[in-house]
Amino acid sequence: MKERIEQLSGEFAAALGKATDAKSLEELRIEYLGKKGHVAELMKGLRDVADKKAAGQLINSFKTEVEAKLTEATEALERAAVEAQVRGAKKYNPSLIAERELGSYHPITLVSREVEAVFESMGFTIEDYAEIVGDYECFEALNIPKHHPARDMQDTYYLDNGQLLKTHTSAAQNAIMKKYGAPLRAIFPGRCFRNESTDACHENTFFQMEGMMIGEDISISNLIYFMKTMLSEVFNRDVKVRLRPGFFPFVEPGFELDINCEICGGKGCPSCKNSGWLELCPCGMIHPNVLRDGGIDIEKYSGFAFGLGLTRLAMMKYGVKDIRDFNSGSLRALSQFKSL
Ligand code: DAH
């Protein structure tokens, strides 16, 4: 028995020296301490031994030694792994900013900023205005008296106190004229609301950008120049526009400014109702009643105004076919627009 244990002890020491990973240590444990391992086999051999007590003690101390050596080797291995990790780790650098997933701008914000930059470079100021306004600002100050049929086109949401969600950015015209007087160059982007059913090209909540230029001798040529410059900058090329007569009570004469449909290139498609043209920017020379209500001397000054469909511009610029995507809150759709 004693010789057998000495032999096993030697073999174990040799095998342990070669075991360099957790897997081989585990194999060794099974080989020696497992149910059918060498220790179990020694115990079985006790039956044939005369001095069972002495032999049992020998087996026990061998077993304890194997267990201790295996534990020690496992711990050493774990320590080595941690040390390697620490040695290999990047050094702490307090000036490094952790990499983070950044958010993205909403496509409406992107086009809005782009258009703002173009107008700013032409001397326009950018104004902010409320979303909740009174009937006066939204309609009456714009030459749309109560019961005027033009109100039918712009149903909106009313508050209990008689105020309403503005249907167009034109609602800020009166206040801005009163604030600055003439001469004046201003643009005012904003969210607008209409009570209407939604489909691929209609939303109850959308964005416009209104612009006004008031001064001496302002004419339709100025209007066309500013519109064309802005659109060429935004689309990065000379954009084809066409001007048609259009009726809006707050301008006289009034126009519809159409651009060549970007989606089909002017051939005709569902997005442009097969006409090849898209209404993008109604505009006109500000009606004398509107100027007068804004406190402007109509003998001296004239001006133009426009109401750019910002949401529609974003659809054209990025090829978005369904207007409802903008308010969808879908990160998959909206996180595609990162640049500024
Ligand atoms: N406010 C008009 C609308 O939303 C658009 C508009 C037309 C604005 C002509 C203007 C303008 O400034 O001159 O339907």
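We number each residue from 1, following the sequence as shown.
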Any salt bridge linking Lys317 with Glu114? Criterion: basic side-chain nitrogen under 4.0 Å from a carboxylate oxygen.
yes
Basic-acidic side-chain contact under 4.0 Å: Arg29, Glu26
yes
Can you see which heavy atom on [X] is nearest to which on [Y], and at what distance?
X: Gly162; Y: Tyr158; value: O-CD2, 4.4 Å
X: Asn260; Y: Gly276; value: OD1-O, 3.4 Å
X: Leu334; Y: Ser328; value: CD1-OG, 4.5 Å
X: Gly134; Y: Glu137; value: N-OE1, 2.7 Å

For Lys23 and Asp21, run salt bridge (Lys or Arg N to Asp or Glu O under 4.0 Å): C-alpha distance rounded to whole Å, both residues' side-chain angles, the deciding distance at 0.1 Å, then the answer.
CA-CA 5 Å; Lys23 187 167 169 266; Asp21 57 19; over 6 Å; no
Output, in order, the C-alpha distance, side-chain angles, deciding distance and verdict of side chain to side chain contact (heavy atoms under 4.5 Å, CB included) for Leu70 and Leu33.
CA-CA 10 Å; Leu70 279 174; Leu33 304 174; 4.1 Å; yes
Under 3.5 Å, is there a donor-acceptor pair linking the side chains of [X] and [Y]?
X: Glu127; Y: Thr125; value: yes
X: Glu67; Y: Tyr32; value: no
X: Gln7; Y: Glu11; value: yes
X: Ser170; Y: Glu210; value: yes
X: Thr74; Y: Glu78; value: no

The reported gap from CG in Asn327 to CD in Glu203 (rounded to nearest 0.5 angstrom) is 4.5 Å
Centroid-to-centroid, Phe326 to Phe207, below 6.0 Å?
no
Compute the centroid of each ring, for Phe250 and then for His287, and state whether the two points are separated by less than 6.0 Å.
no
Cluster link Phe248 to Ile224, ILVMFWY, side chain under 4.5 Å
no
Verify the cluster assignment for Ile214 and Ile187: are they in a single hydrophobic cluster under the rule of side-chain heavy atoms below 4.5 Å apart?
no
Quick test of your reading: applying ring-ring contact (aromatic ring centres under 6.0 Å, His included), list the pairs with at least one residue in residues 71-91, sequence neighbours left out, ordered by first then second residue.
none
Does atom CE of Met122 have more than 12 heavy-atom neighbours from other groups under 6.0 Å away?
yes
Applying side chain to side chain contact (heavy atoms under 4.5 Å, CB included) to His168 and Gln154, what does each step give before you reach the verdict?
CA-CA 9 Å; His168 50 182; Gln154 302 197 3; 3.5 Å; yes
